[in-house]
Protein chains: 2
Amino acid sequence: MNASSAAATVRQEGEQVENRGEYDPSNPTFRLENSPFYLMAHADFKYHEDMDKVLHKHGVSKPIYRVMTVLREQQPASIGAIAEAALTKRSTISRIIDRMVEQGLVSTEPNPEDNRITEVTLTPAGQQTLRKLTPIVGRQFSRAMVGISNRDIAHLLRTLKKISDNLSKLPIE
Amino acid sequence: MNASSAAATVRQEGEQVENRGEYDPSNPTFRLENSPFYLMAHADFKYHEDMDKVLHKHGVSKPIYRVMTVLREQQPASIGAIAEAALTKRSTISRIIDRMVEQGLVSTEPNPEDNRITEVTLTPAGQQTLRKLTPIVGRQFSRAMVGISNRDIAHLLRTLKKISDNLSKLPIE
DNA sequence: ACTAGCCGAATACATGTGTATTTGCACTGA
DNA sequence: TCAGTGCAAATACACATGTATTCGGCTAGT
């Protein structure tokens with residue numbers, strides 16, 4: 001009987017709690033290089049590390065690029081909505097938007113139905129900048145995915161979504 | 001002929017460059033929710049968001065926990081080695097170590113063979129704290145991985161490592 | 001109509017991080 | 001031996017972020 005099957009316990013709904021073995025950070029044999037979250041951070045770090053250098057040449061910082069990415073999907077968007085999508089605090093987004101307004105990348109106007117809400121929109125210059133940046137980002141993405149099939153990417157997405165779901169739903173403790 | 005096969009081009013060594021379709025951030029139909037890197041950031045964010053709250057009750061911040069995780073694997077370790085493993089600048093690690101020394105979590109001493117190098121070691125109190133934290137982190141990990149098989153985790157690790165490798169090796173542009 | 005409570009955004013303050021520089025040590029070659 | 005070079009760590013400074021608070025507008029209950 002191996003360690004994996006020894007600790008597998010049948011729960012309600014037939015759900016299995018697997019022994020995570022070397023993946024479990026509370027296991028003494030655990031190694032960082034086998035940690036999904038460490039590897040995510042690592043991949044993400046490398047991805048942005050390179051890209052930032054290029055983006056900066058175009059006057060665009062990482063947080064600004066993040067905001068532009070969000071705006072490309074939903075426009076106009078409120079400060080709060082941007083903050084949520086960009087995984088950043090509202091106060092921070094508020095100031096990033098200030099800078100973007102100064103740079104002429106976005107414009108803001110109060111929501112006519114609720115004056116508390118600030119709606120943010122990409123200006124033509126902002127859209128222009130975004131279009132210029134898009135192929136650069138595309139190349140970086142291709143570079144990252146060399147040798148990885150679309151099937152693998154789909155699998156990766158499914159797993160990552162599942163993890164996010166799990167962490168959103170269940171309470172901690 | 002579908003879009004995927006249309007753009008697949010045979011390169012040297014038989015390497016294929018796939019059409020990434022909806023995964024490609026430079027594609028007009030691209031959506032953030034289909035972006036591997038966005039989902040990595042999202043999962044990582046959620047994972048640490050919850051954990052930080054708990055760790056703070058034990059007087060341990062996220063960067064401090066990161067350093068402790070690195071030290072668990074390699075001890076003693078130099079400032080530079082810790083910085084590299086923790087994906088953080090040396091100057092930042094230097095100051096984090098200062099705080100950890102104040103808290104009695106680690107001790108430092110110059111490397112006897114090279115006095116420029118500062119070797120960092122967990123104190124008994126630091127090891128004690130780490131042991132106390134380990135099961136908490138383990139629970140958070142289990143929570144994140146509910147419904148995900150060890151096979152899927154292995155697949156995730158392979159893909160993430162491949163991505164990191166790609167980004168480390170090839171030059172940008 | 002008014003007030004209390006809520007909510008979104010903006011701001012004051014404290015803190016943490018990165019960049020650039022400095023300090024101190026080790027190695028090399030004259 | 002000593003100057004020059006290179007490297008690790010520490011520090012000065014500038015800047016960005018988060019927390020807590022404030023400001024202003026919306027909404028419901030009286």
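- At the phosphate of dG18(C), neither OP1 nor OP2 sits under 4.0 Å from any side-chain N or O atom of Ser91(B).
- Arg90(B) has its CZ atom 18 Å from the P atom of dT23(C), to the nearest Å.
- Checked for salt-bridge contact, Glu73(A) and Arg31(B) meet the test: a charged N lies under 4.0 Å from a carboxylate O.
- Within residues 95-107 of chain B, the residues having any heavy atom closer than 4.0 Å to DNA chain D are, in order of number, Arg95(B).
- Considering only heavy atoms from C-beta on, Phe30(A) stays 4.5 Å or farther from Glu22(A) through its side chain.
- With respect to Gln127(B), the side chain to side chain contact (heavy atoms under 4.5 Å, CB included) criterion is satisfied by exactly one of Gln75(B), Met68(B), Arg72(B): Gln75(B).
- In the helix from dA1(C)-dT30(D) to dA30(C)-dT1(D), the end axes, each obtained as the rotation axis mapping the C1' atoms of four pairs onto the next four within a five-pair block, lie 0° apart to the nearest 10 degrees.
- Between Ser107(B) and Thr123(B), the shortest heavy-atom contact is N-CG2, 3.7 Å.
- Contact annotation: the side chain of Asp152(B) approaches that of Ser149(B) to within less than 4.5 Å [non-hydrogen atoms, C-beta and beyond].
- From the 5' end on, the contacts that DNA chain D makes with chain A at under 4.0 Å to a non-hydrogen atom open and close at dA16(D) to dC26(D).
- Distances shown here put a side-chain N or O of Thr92(B) below 4.0 Å from the OP1 or OP2 atom of dG18(C).
- For the pair Ile93(B) CD1 and dG16(C) P, the computed distance is 14 Å after rounding to whole Å.
- Contacts classified as ring pair (Phe, Tyr, Trp, His ring centres under 6.0 Å) and involving residues 64-89 of chain A (residues at least two apart or in different chains) are not found.
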When you compare the protein's N or O atoms with those of nucleotides 25-29 of chain C, which come within less than 3.5 Å of each other, and at what distance?
{"from": "dA26(C)", "atom 1": "OP1", "to": "Asn115(B)", "atom 2": "N", "distance (Å)": "3.3"}
{"from": "dA26(C)", "atom 1": "OP1", "to": "Asn115(B)", "atom 2": "ND2", "distance (Å)": "3.3"}

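- Using a 4.0 Å cut-off between a side-chain N of Lys or Arg and a carboxylate O of Asp or Glu, Asp50(B) and Arg143(B) qualify as a salt bridge.
- Ser61(A) comes within contact range of no nucleotide atom at all, as no heavy-atom separation falls under 4.0 Å.
- Put simply, CG on Asn34(B) and CD1 on Ile153(A) are 11.0 Å apart, with the number rounded to the nearest 0.5 Å.
- One interatomic measurement links the two molecules: CD1 of Ile82(A) to C1' of dG8(C), which rounds to 13 Å at whole-angstrom precision.
- The side-chain heavy atoms of Asn27(B) and Arg20(B), taken from C-beta on, include no pair separated by under 4.5 Å.
- By the 30° and 60° cut-offs, the orientation of the rings of Tyr47(A) relative to Phe37(B) is parallel.
- Two residues are said to be in side-chain contact when any heavy atoms from C-beta on lie closer than 4.5 Å; Pro124(B) and Gln128(B) fail this criterion.
- Here dT11(C) presents its C1' atom at 17 Å from NZ of Lys89(A), a figure rounded to the nearest Å.
- Under the 4.5 angstrom side-chain criterion for Ile, Leu, Val, Met, Phe, Trp and Tyr, Ile117(A) has no cluster partners at all.
- Pro63(B) comes within 4.0 angstrom of the backbone, heavy atoms only, and of no base.
- Atom CD in Glu84(A) sits roughly 15 Å away from atom P in dC7(C) (whole-Å rounding).
- Scanning both residues, Leu71(B) and Ala77(B), for their nearest heavy atoms gives CD2-CB, 3.9 Å.
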